[in-house]
There are 2 protein chains.
Amino acid sequence: MLVDARALADALSELIRVVQFRDRDRACCYDISVSQCYALKGVVDAGALTINDLAAHLYLDKSTASRVANALVDKALLVRQADEADGRVVRLTATAAGTAVCTRIESDLAGEYAELLGDFEPEVRAAITRVVTRLGRSFAARVDASGGSCCVVG
Amino acid sequence: MLVDARALADALSELIRVVQFRDRDRACCYDISVSQCYALKGVVDAGALTINDLAAHLYLDKSTASRVANALVDKALLVRQADEADGRVVRLTATAAGTAVCTRIESDLAGEYAELLGDFEPEVRAAITRVVTRLGRSFAARVDASGGSCCVVG
DNA sequence: GCTAGTAGTTGCACATGACAACTATGGCTG
DNA sequence: CAGCCATAGTTGTCATGTGCAACTACTAGC
């Protein structure tokens, strides 16, 4: 099983490098950075998010999440609203422009992915998404469980 | 099929965020950054790499690759050697320390991944690596094919 | 041997992201 | 209800990573 594990480690790191590269490269197309894109999509999908929710969703520090949100507000893709119940909380919601940008990016991306899925046999296609989803969940569970830093001696 | 494509896009972006986070978090453990780790592994696996080869392997600009190599040389994990045949070319090779660090990281990582693979049914395990590998290749082929930037009008 | 091309380095600007210190608000306890 | 602690978010600061453009050094072809 360690052989499988090593192969998976190699394959995943390669996949991540190439996807990151593609994302970096494509970011310019929409005048929006990769993190901003993830944040925008997070807010659009959720309907509304607080800064803390956003930070958790993106696996970023809340200060970084706050700045990412600022960037999107400056671009008029998001709005900040004060929460009625709790004065500390900021509710981020997407503007019409934000939703539009998000929709456009998703469509373009879906097109690319659809083409890419064409490389695979039909019976494999459905498995791919299942596998990737479950992999993501497994990682997330481990990350959440281990809490903060990995190598703190405590 | 567009539905599959959207689901894959979502799953993959989630996976990438969480893996990136884990990598950021774990980077400190070995006094080596994520890019440095990839570079070190690339050199160790290949036996020797030029700066250009390294840049291609990491999907980075050659200037960045050069600096990543510098950092590893400063840490005495790599050495730069002049190519005998071509005076312009730098040959990067790993030192004993570099190989040792790489081996240790790979072992630790393989352990983590082995544990993670335990979440999956045996018949799925083998499929995971195959799927991730093929996904990576499909992306790489597309990135190589499209060459430079995505949205240049020229 | 001059010119064009290639490998790599360096200067520079900018993006990303963490940590810590801070403000402001909410909630709990005596 | 006053004081204290916890929580949400912001801001300052710093380190790191990255690309682009300009540069040097070398090679190769005419």
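Convention: sequence-line order gives letters A, B, ...; per-chain numbering from 1. Because the structure is predicted, anything quoted here is derived from the model rather than measured.
Judged by the 6.0 Å distance and 45° axis criteria, B:Arg6 is not positioned over the aromatic ring of A:Tyr113.
Atoms CZ and CZ, from B:Arg22 and A:Phe139 in turn, are 5.0 Å apart once rounded to the nearest 0.5 Å.
Proximity of A:Thr50 to A:Leu92: side-chain heavy atoms (C-beta onward) are nowhere separated by under 4.5 Å.
More than 12 heavy atoms of other residues, nucleotides or ligands shown are found within 6.0 angstrom of CZ on A:Arg24. Atom CD of B:Glu123 has more than 12 neighbouring heavy atoms from other residues, nucleotides or ligands inside a 6.0 Å radius.
Between A:Ser63 and A:Arg24, the one whose closest nucleotide on DNA chain D sits nearer the 5' end is A:Ser63.
Among residues at least two apart or in separate chains, side chain to side chain donor-acceptor pair (under 3.5 Å) pairs with a member in residues 87-98 of chain B are B:Gln81-B:Thr93, B:Asp86-B:Arg88.
Atom P of nucleotide C:dA15 and atom CD1 of A:Ile32 are separated by 14 Å, given to the nearest angstrom. Taking atom CD on A:Gln20 and atom C1' on D:dG17, their separation rounds to 11 Å, with Å as the unit. Straight-line distance from the CG atom of B:Leu92 to the C1' atom of C:dG8: 11 Å, rounded to whole Å.
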Under 4.0 Å protein heavy-atom contacts per nucleotide of nucleotides 22-30 of chain D, with B for base, S for backbone only and - for none: ---BBS---
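Of the residues in residues 34-61 of chain B, those lying under 4.0 Å from DNA chain C by heavy-atom distance are B:Thr50, B:Ile51, B:Asn52. Listed by residue number, the members of residues 65-83 of chain B with any heavy atom below 4.0 angstrom from DNA chain C are B:Ser66, B:Arg67, B:Arg80.
Inspection of the B:Glu14 and A:Tyr59 side chains reveals an N or O donor paired with an N or O acceptor under 3.5 Å.
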Contacts table for residues 63-72 of chain B: side-chain donor-acceptor under 3.5 angstrom, sequence neighbours left out:
{"residue": "B:Ser63", "atom": "OG", "partner": "B:Asp61", "partner atom": "OD2", "Å": "2.6"}
{"residue": "B:Asn70", "atom": "OD1", "partner": "B:Arg80", "partner atom": "NH1", "Å": "2.4"}

Under 3.5 Å, which donor-acceptor pairs link side chains of residues 126-134 of chain B to any protein atom two or more places apart or in another chain?
{"residue": "B:Thr133", "atom": "OG1", "partner": "B:Thr129", "partner atom": "O", "Å": "2.6"}
{"residue": "B:Arg134", "atom": "NH1", "partner": "A:Glu121", "partner atom": "OE1", "Å": "3.1"}
{"residue": "B:Arg134", "atom": "NH2", "partner": "A:Asp119", "partner atom": "O", "Å": "3.2"}

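A donor-acceptor distance shorter than 3.5 angstrom exists from the side chain of B:Lys75 to the backbone of B:Asp31, with no hydrogens or angles considered.
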